[in-house]
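Quick note on labels: first sequence line is chain A, next is B, and so on, each numbered from 1. In this text the structure is predicted, and so the values were computed from the model without any measurement.
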There are 4 protein chains.
Amino acid sequence: MSDYQPISEQLDDVEGAREDGHRKMDWARQHMPILNALRDDFVADQPLAGERVGMAMHVEAKTACLVELLAEGGADVAITGCNPLSTHDDVSAALDEHDRITSYAKRGVDDEEYYAAIDAVIDHDPTITVDDGADLIFRIHQEYPELIDSIVGGCEETTTGVHRLRAMAEDGELDYPVFAVNDTPMKRLFDNVHGTGESSLANIAMTTNLSWAGKTLVVAGYGDCGRGVAKKAEGQNADVIVTEVEPRRALEAHMEGYEVMPMAEAAKEGDVFITTTGNRDVITEEHFEVMRDGVLLANAGHFDVEVNLDQLSDLAVDTYEARDGVQTYELDDGRRLNVLAEGRLVNLASPIALGHPVEVMDQSFGIQAVAAREIAQNGSEYDAGVHDVPDELDREVAEIKLDADGVEFDSLSAEQSEYMNSWDHGT
Amino acid sequence: MSDYQPISEQLDDVEGAREDGHRKMDWARQHMPILNALRDDFVADQPLAGERVGMAMHVEAKTACLVELLAEGGADVAITGCNPLSTHDDVSAALDEHDRITSYAKRGVDDEEYYAAIDAVIDHDPTITVDDGADLIFRIHQEYPELIDSIVGGCEETTTGVHRLRAMAEDGELDYPVFAVNDTPMKRLFDNVHGTGESSLANIAMTTNLSWAGKTLVVAGYGDCGRGVAKKAEGQNADVIVTEVEPRRALEAHMEGYEVMPMAEAAKEGDVFITTTGNRDVITEEHFEVMRDGVLLANAGHFDVEVNLDQLSDLAVDTYEARDGVQTYELDDGRRLNVLAEGRLVNLASPIALGHPVEVMDQSFGIQAVAAREIAQNGSEYDAGVHDVPDELDREVAEIKLDADGVEFDSLSAEQSEYMNSWDHGT
Amino acid sequence: MSDYQPISEQLDDVEGAREDGHRKMDWARQHMPILNALRDDFVADQPLAGERVGMAMHVEAKTACLVELLAEGGADVAITGCNPLSTHDDVSAALDEHDRITSYAKRGVDDEEYYAAIDAVIDHDPTITVDDGADLIFRIHQEYPELIDSIVGGCEETTTGVHRLRAMAEDGELDYPVFAVNDTPMKRLFDNVHGTGESSLANIAMTTNLSWAGKTLVVAGYGDCGRGVAKKAEGQNADVIVTEVEPRRALEAHMEGYEVMPMAEAAKEGDVFITTTGNRDVITEEHFEVMRDGVLLANAGHFDVEVNLDQLSDLAVDTYEARDGVQTYELDDGRRLNVLAEGRLVNLASPIALGHPVEVMDQSFGIQAVAAREIAQNGSEYDAGVHDVPDELDREVAEIKLDADGVEFDSLSAEQSEYMNSWDHGT
Amino acid sequence: MSDYQPISEQLDDVEGAREDGHRKMDWARQHMPILNALRDDFVADQPLAGERVGMAMHVEAKTACLVELLAEGGADVAITGCNPLSTHDDVSAALDEHDRITSYAKRGVDDEEYYAAIDAVIDHDPTITVDDGADLIFRIHQEYPELIDSIVGGCEETTTGVHRLRAMAEDGELDYPVFAVNDTPMKRLFDNVHGTGESSLANIAMTTNLSWAGKTLVVAGYGDCGRGVAKKAEGQNADVIVTEVEPRRALEAHMEGYEVMPMAEAAKEGDVFITTTGNRDVITEEHFEVMRDGVLLANAGHFDVEVNLDQLSDLAVDTYEARDGVQTYELDDGRRLNVLAEGRLVNLASPIALGHPVEVMDQSFGIQAVAAREIAQNGSEYDAGVHDVPDELDREVAEIKLDADGVEFDSLSAEQSEYMNSWDHGT
């Protein structure tokens, strides 16, 4: 039993924090048409009545709108952060004010507090889990296996989290069904490509006051996040180099017109480096040693393991905070390597970070909401393991979004549907 | 038993045609490093020894290099065209000169001849089929079911063909295994996106002498082909409008920054229309009636059913060939609608058409070759139905291509592989 | 005689401010290779020895590096802000610490203080003026004409300022030579296109947490700034509409593939509006009345007159600060129009504003420095009026920059130079 | 007195040629709204009545529409080609059929015939000259100075021609006024950037059947043509390298995100090379020696001197025509360098060349037409020398074009005009 306290018990000026938090949520709500449309339905239908939802996510204004939606849909929700640096205490406090919501998320907690807060969420005995990185699911399986029987299902938001869960499932260690929200077309394309792409670049620019035009940007990894970063940076007139380990992705980047080379070569060329691989030790000692003076090192992958900061610390003769969110490592030959946001994901952990754009999260959280609804309604029909979000749910959210943006599209005529399904028409 | 004759029996100047055909193949070979690399292996290993390969494909220089490769790998090959307008007679004649190859492909055949040539190929009693549109497979199932027992497997090149085959398979009507070459990452991205995109635009520009800058281009369908056309046209400074029937594709186009609207609206806005849907009646009477004077109508989908030319003919008071490859339909109000390549796929059937770029087909045909090799070696292990090309084959071709282009890439360290496969690392 | 005091006399914690200011300047210096290279020469040659430089510019870290360079080159410098909201007090204090520099710039001054500070700069009896918006030159001509005799020349940084000066010159009212730094290729292309483009978009994104992908952006004006904003926004997957009053610029935008339409039409379509015209009343009552709920209104032109806020205030039933830097005007039909940075230039006056990227200002200020050097050395050779920066100075700065970025380029052979200058070679 | 005969006297099947020529002109006319609009005025006003216009231009369908317009406007026109390979004999014959037009242009003439045809045009004793490369003007000055007195003025279409004329003028050797049509914003941006860019790339793709995606393209020269080629190629997913001799252009390319390097380095990297410098010996022996097997060499500058083919011939052990329009030079180490269109401008001289897009020439020729009208009406007011086209003429053509494309734009209010002209408004 965790004795970790909700955020409201931890803040000095709870009222002020709540007011700030609500103002932030108001703004988000103004730009989240999908959640607004779903809210009308959820309030009317109460699809989550009787459910207890446990969440570990980045607690800021946009997530808060999802949390609120789930509560308005009938659930009792307990939530904590999924990253010690991404919580907005004011938003956490505003959420905690809601009758059906308890928020334990607090910025700047240490490792012990981080897990104590997760444990506190687990103490609510959730029937549904919603994760961003799978920390909650993993903790439950490791420490609280006795709770698994009462859990109907879960949702996971990130590439990295789904990767962990698939590994668990392969080992036969995942004991309830989880929707891979990350893998839906809606989530993958919009959140990873547009969200990570735009917000990583804007955060770096606004943290450093530097320009993309004429810069050589090395993007490590050409998955959806890497692709978004590369494309948006090209659109800001950067010269983009891609590094990859998978030949087809490498070839795809090559055919897009990017230079592709090993990191050992790219390290000599880059002015800025952004890692998006989901893997560790992408940039290491051998690369630091050949980099130019003044380079920027940023990570847009889930964990802070992509740039090996231990090795960089060992190489450095001096380290200091050059600007808010920029740690400079000075090497013995005078070169200065500038690490952003301590190597954590730069669009969520930098000092001015606002996270993914509101509309992108509106799409992503729209999926989360209908996936949670699906678990509540039909969760027992799914086996333990990682599941794709059913196609019709993904499609439902796309239609809500298009409608909200005033975009109309065609539909198939009966003859066209018949044609698409027939195979007996010739040349 | 078809009495249809090989091309060499049908031409007046076979020698001259062969010389021209060989010159075209020489050029293609200069730019097909993947087939060149595979040829070294195929000549040495004879992986297709004893096989009889029946093919129905666009017979021009690049395909000819694949046909030659299969023959050099030990197969006896019989081939005909898959579209009456895409055959190059000289290349067909050059192929037919090869000891192990019989080519029936001839440009401009009528429907009866078209099927007689397919029947002639089938008369060779193939053990492997290679299709571009599934006409050969379909003909065999419909007319020659007795041959199916001796067929080990097949390859299909196109989106449309795979679509037909999946429909057959769903109806339980596909009686041998077929590799969906179209669905491999290599084929789909490079052939559809880059190949169709670039060659459709270049053919239209060079057929009409018109410019893309400042033009409003309506792209019907936002699959891989539509995406390629849209993106490359934007890169030529066209203003692109997308029409779609699937909400997630519509949303994806919208999020890319394209305008999305129903065709009924787009018809009023467009200067140029390119259909890429694989469906029929995408542009019909109701659209012709609101189009501007001078618009161009082109199709980049497999069949010539996307623009309803029967309806257009009925509306027209006059029709004439305004340029080679451009049929003008003049309406009673004086508006002129210009149809390219008779509504057949514009990058293969226009008078100056060269088809997909050489390098793109090198990639696509590299997959075809290793897929055919897989059928010869392990075909009996596959059930009847549509199969994805095994991942390692696709990857093999990507590595050959990168190597040929001098592109190096990274590989995972042991620690990184372990990390990617583990799930017990925390935040 | 102004009794307005330097910043050091106005701050409570001058030491703390100076420390912060120096840290900001250190970062800028790390990324300003042109000024660094010029500093070596200026320290050695003292080209500005004996000059008194009066400046009215945005006082933040990058400008500070120019101010320092001029002082290190031998000048005594007095400076104040050119916009009440763009001054960083800490940088101002750090500058004021320098023996040869007096800084009056302070954030948030009212109109009276603003002009008192300008007057204080003028009291230093400058021999050279450096302006960003021409306020200093204009004030001298209007209020202190007796000082003009001792002024050798001036530099003006902005489009708007040069526009004002040309109007003065046409009226015969400009009484000393001024270099139109704004009009150099170096300044115009890099500062306006890349600088304004990138920083406006990044500021808007980071102030609002909104995304560009799929947004309809209306860019008013297709000069260099408008072009930069349009192009960079397209590179973030916005759908861009351009409004213009000059037909050739309108045509150029049309040929680039943008939609061009009158503001009265664009007002109905846009999600975000950015004005870059340098003119007043670009967005007015008639436009507010047809805009969508939730639109963003931002200005990237020099003065805050492009969006008519008086009319908007009159229309609004409620106004409140939705976020830092976002003022929401709620209309009687419930629509909310969100104005950024009070209609002042969004990349300099938003709460998180850092101004133009460091490297862009490095280029722009490199021109300023060599132009000031030219005035000191050869100013008496120029007539009163607006002058282009001599071509060789602009070229000098370009070469310094290329060298700093490690970019090599070709030079003409003797034969090639001769060929370019001859006219007697035929077809 | 030249005894060179009009095309109608030189062809076997004049009638057939004329029919083909008219068909080509019909198509062009369908897509030249500016010339169509001007024709209405010219027919009504006869602004060129009594003038004799001598022309040396690329004689194909689009130019023919200009020639016809001038004749319809009252002029007698004599024309020949400005490049031995760019004439379409059928169009030339169709023109020659017109009562007021005599055409001497013929494809494939040798040097002697080329100049004989120019002399034949000069024999018509022109009052106005219209040039594309200044050959006509130059010939008149060199060989027929006695005619200059009766010439009112001229128009020159190209960068290269204007360059030659300015050199003549500097030497005091240009004896009548010539409008630098090339230098108008309309012409420069649309013809050079969009026209040369798009048509060079389409011609290369359709001549070689090769793809741009993933190709490394070296663009020599970053003027308007180079910029257009680079940008459009990037839009086809090529990786672009720029070479330059002018540091500001080099810097501009660098800031756009292109790699900039000396040709000696670029020669090792490129798959395709396009020269756009207007200078000689841009690619020479030292570059051939380090190029890859299979590279393409193309020229988009006016003269065929940019790639040094003499040196390449000397290096080659074998040369042969690999495809129509592709000459392959095989070196002793087996490498094959492929030269397109014999090093002449690839978008006009390749076998399938159609020249610049119709609409682009519509804009360019619109300027030519109003410039010729200006010479007829006010030519005597201009001094001998090179003149910019008056701003209002350029603007007139832009307005005609926007109107034809259905593009509306804003106009300044009285208050806005006053604001733009005033300088007494403060911060």
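- For residues 207-238 of chain D, the interface with chain A (any heavy-atom pair closer than 4.5 Å) comprises D:Ala213, D:Gly214, D:Glu234, D:Asn237, D:Ala238, sorted by residue number.
- The interface of residues 246-258 of chain D with chain A, defined by heavy-atom distances below 4.5 Å, comprises D:His254, D:Met255, D:Glu256, D:Gly257.
- Summarising the local packing, CD of A:Glu289 is surrounded by more than 12 heavy atoms from other residues, nucleotides or ligands at distances under 6.0 Å.
- The number of heavy-atom neighbours closer than 6.0 Å to CD of A:Glu285, taken from other residues, nucleotides and ligands shown, is above 12.
- Atom CG of residue D:Asp239 and atom CG of residue A:Asp239 lie 7.0 Å apart, to the nearest 0.5 angstrom.
- More than 12 heavy atoms of other shown residues, nucleotides or ligands fall within 6.0 angstrom of atom CD in D:Glu330.
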